[in-house]
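Order of the sequence lines sets the chain letters (A, B, ...), proteins ahead of strands, with each chain counted from 1. This structure is a prediction, so every number in the text was calculated from the model and none was measured.
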There are 2 protein chains.
Amino acid sequence: MQTDRLKGNLELLLLSALTMGPAHGYGLIRRLREMSEGFFDLPEGTVYPALHRLEREGLVSSSWTDEPGRPRKSYRLTPVGERQLAVERVAWQRFGTAVGAVMRGTS
Amino acid sequence: MQTDRLKGNLELLLLSALTMGPAHGYGLIRRLREMSEGFFDLPEGTVYPALHRLEREGLVSSSWTDEPGRPRKSYRLTPVGERQLAVERVAWQRFGTAVGAVMRGTS
DNA sequence: GTTCGATACCTAGGATGCCTAGGTAATGCA
DNA sequence: TGCATTACCTAGGCATCCTAGGTATCGAAC
């Protein structure tokens, strides 16, 4: 069955990571890995499409850095994204509370 | 984007609910609703296929009650299911810890 | 000087897993 | 007789994450 709990939480993770400041995709992968002490080691094929989705929805905005060297696409939170992050945080907590109640067998 | 956090946690929820004793599908839906104070109100189309999956994997076993009235298929945890539940619990907690670390911006 | 690992971007298609929407049938009450 | 509730089921849809492939730059090692 191979549970993937990530489903539905990726958005929360990416938006959270961006509150520490703008970052590009590859850097976000590293940032999430560090912040979670290695727990989240997301493949690029997961993160890049997710960022594009977030941008399409207006939660993040991107800009190419015109520094020399490797091209980098920097993402930052938009005001809409910040509001959405607050919503996600509450939703996550509620979900966790409900799961906890079921696990503990109490209502 | 419509996060569905249930994905990957349904197994944990069903196995947890079954620790309170055997139950049939419809009853499990009610039990989860009560234990979570209304948070989890799972559609039948979610629960029945999941129970079949759990049975195929040997985590639960089923038996039709030969009581009169409506036919009911009662599910109970198998020993394998109990072990798997313990695994799931730890996995859930680890996941929660990791998400919490990212949300709080600390490593 | 070239080979390799790390950095940095991308996408098509597959797998998974929950949900929608449909179906059947028994019970009990209005 | 009709309707709500209980109780079971499944096909197909859809969203989302991942696999696996691709391109290209840079620095270090050989």
Polar pair under 3.5 Å, donor/acceptor by atom type, side chain B/K7, base C/dT16
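No.
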
Contact list (N/O, under 3.5 angstrom) for nucleotides 20-24 of chain C vs protein:
none

Check the phosphate of [N] against [X], side-chain N and O only, distance under 4.0 Å to OP1 or OP2. Yes or no?
X     : N      : result
A/Y48 : C/dC10 : no
B/R53 : C/dC18 : yes
B/H52 : D/dC8  : no

Grab the [atom1]-[atom2] distance between [X] and [N] for me, whole Å please.
X     : N      : atom1 : atom2 : result
A/R30 : C/dG5  : CZ    : C1'   : 14 Å
B/R5  : C/dT16 : CZ    : P     : 23 Å
B/R56 : D/dT10 : CZ    : P     : 10 Å
B/H24 : D/dC9  : NE2   : P     : 11 Å
A/F95 : C/dC18 : CZ    : P     : 10 Å
B/Y26 : C/dA25 : OH    : C1'   : 13 Å
A/D41 : D/dC17 : CG    : P     : 16 Å
A/R70 : C/dC9  : CZ    : C1'   : 11 Å

Please identify each residue that fulfils salt bridge (Lys or Arg N to Asp or Glu O under 4.0 Å) with B/K7, with sequence neighbours left out.
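Testing B/K7 for salt bridge (Lys or Arg N to Asp or Glu O under 4.0 Å), a comparison that skips the adjacent residues, returns B/D4.
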
Starting from the 5' end of DNA chain C, give me the residue, B/L6 or A/W64, whose nearest nucleotide shows up first.
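The residue mapped nearer the 5' terminus is A/W64.
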
If hydrophobic clusters are built by linking Ile, Leu, Val, Met, Phe, Trp and Tyr wherever their side-chain heavy atoms come under 4.5 Å apart, do A/Y48 and A/V60 end up in the same one?
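No; tracing contacts between hydrophobic side chains, which count when under 4.5 Å, never links both residues.
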
Do B/V99 and A/M20 land in one hydrophobic cluster if side-chain heavy atoms of ILVMFWY residues count as linked below 4.5 Å?
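Same cluster.
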
Residues forming a side chain to side chain contact (heavy atoms under 4.5 Å, CB included) with A/I29, sequence neighbours excluded:
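By the side chain to side chain contact (heavy atoms under 4.5 Å, CB included) rule, A/I29 matches A/R33, A/E44, A/V47.
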
When rounded to the nearest 0.5 angstrom, what distance separates OG1 in A/T65 from CZ in A/R70?
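Interatomic distance, A/T65 OG1 to A/R70 CZ, rounded to 0.5 Å: 11.0 Å.
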
Rounded at 0.5 Å granularity, tell me how far CZ in B/R31 sits from CG in B/L13.
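One gets 13.0 Å once the value is rounded to the nearest 0.5 Å.
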
Across the strands shown, which category fits A/L10 at heavy-atom distances under 4.0 angstrom: base, sugar-phosphate, nothing?
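Since only primed, P, OP1 and OP2 atoms lie under 4.0 Å of A/L10, the category is sugar-phosphate.
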
Can you confirm whether B/L6 sits close enough to B/F40 that some side-chain heavy atom of one is under 4.5 Å from a side-chain heavy atom of the other?
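They are in side-chain contact.
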
